[in-house]
Amino acid sequence: LERQLQQEGWRQIPADQARPGDVIFNQSRGHVQLSQGGGRQIGSNNSRPGGGRSPGLQFITEGPAMRNAVVYTK
């Protein structure tokens, strides 16, 4: 996804400059969320009851932006 964003003209910016709709990667690039602006983010996560291989439930999370995030803006 990160390479695709770059090919489409998105550029990396400091996390403290994230605006609504910017794409936020955690430092390992293993999880992606969207910026709400104002240091907040929204994302989607899986809940797997009992830690099993079942698909679990998808739920929306909202809260402070990740520390050491990598942010892309258009």
Side-chain angles (χ1 to χ4, degrees):
L1 177 60
E2 189 170 3
R3 183 176 296 158
Q4 176 96 25
L5 289 172
Q6 292 169 347
Q7 290 173 347
E8 292 179 8
W10 292 68
R11 59 183 167 65
Q12 190 173 341
I13 61 170
D16 63 355
Q17 294 178 15
R19 299 175 305 188
D22 289 345
V23 178
I24 303 174
F25 291 87
N26 66 357
Q27 195 168 14
S28 69
R29 277 35 172 216
H31 190 72
V32 178
Q33 299 205 44
L34 294 176
S35 173
Q36 294 181 322
R40 310 271 309 159
Q41 67 186 14
I42 188 167
S44 176
N45 295 283
N46 287 322
S47 170
R48 292 186 176 87
R53 293 180 179 234
S54 66
L57 303 171
Q58 196 71 21
F59 62 98
I60 303 300
T61 58
E62 187 258 341
M66 294 179 273
R67 292 184 183 191
N68 301 317
V70 178
V71 177
Y72 281 86
T73 193
K74 185 78 174 189

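Positions are given from 1, in the same order as the sequence printed here.
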Quiz item: Given Asp22 and Gln17, is the side chain to side chain contact (heavy atoms under 4.5 Å, CB included) satisfied, shown in steps?
Solution: CA-CA 10 Å; Asp22 289 345; Gln17 294 178 15; over 6 Å; no
Exercise. Please step through side chain to side chain contact (heavy atoms under 4.5 Å, CB included) for the pair Gln6 and Tyr72, ending with a clear verdict.
Key: CA-CA 8 Å; Gln6 292 169 347; Tyr72 281 86; 2.8 Å; yes
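One distance of note links CG of Asn45 with CD of Gln58; it measures 7.0 Å at 0.5 Å rounding.
For Glu62, the salt bridge (charged side-chain N to carboxylate O under 4.0 Å, His left out) partners two or more places apart in sequence, or in a different chain, are Arg40. A search for side chain to side chain donor-acceptor pair (under 3.5 Å) contacts involving Arg29 returns Glu2, not counting sequence neighbours.
Residue Gln12 places its CD atom among more than 12 non-hydrogen atoms of other residues, nucleotides or ligands, all under 6.0 Å distant.
In this structure, Lys74 contributes its side chain and Glu8 its backbone to a donor-acceptor pair below 3.5 Å.
You'll find the side chain of Val32 stays beyond 4.5 Å of the side chain of Ile24, heavy atoms only. Taking 4.5 Å as the limit, every side-chain heavy atom of Ile13 sits out of range of all side-chain heavy atoms of Arg19.
Among all heavy-atom pairs drawn from Ser35 and Ala18, the shortest one is OG-CB, 3.5 Å. Taking all atoms of both residues into account, the shortest heavy-atom contact from Ile60 to Ser44 is CD1-CB, 4.2 Å.
Under the 4.5 Å side-chain heavy-atom criterion for Ile, Leu, Val, Met, Phe, Trp and Tyr, Val71 and Ile42 are members of distinct hydrophobic clusters.
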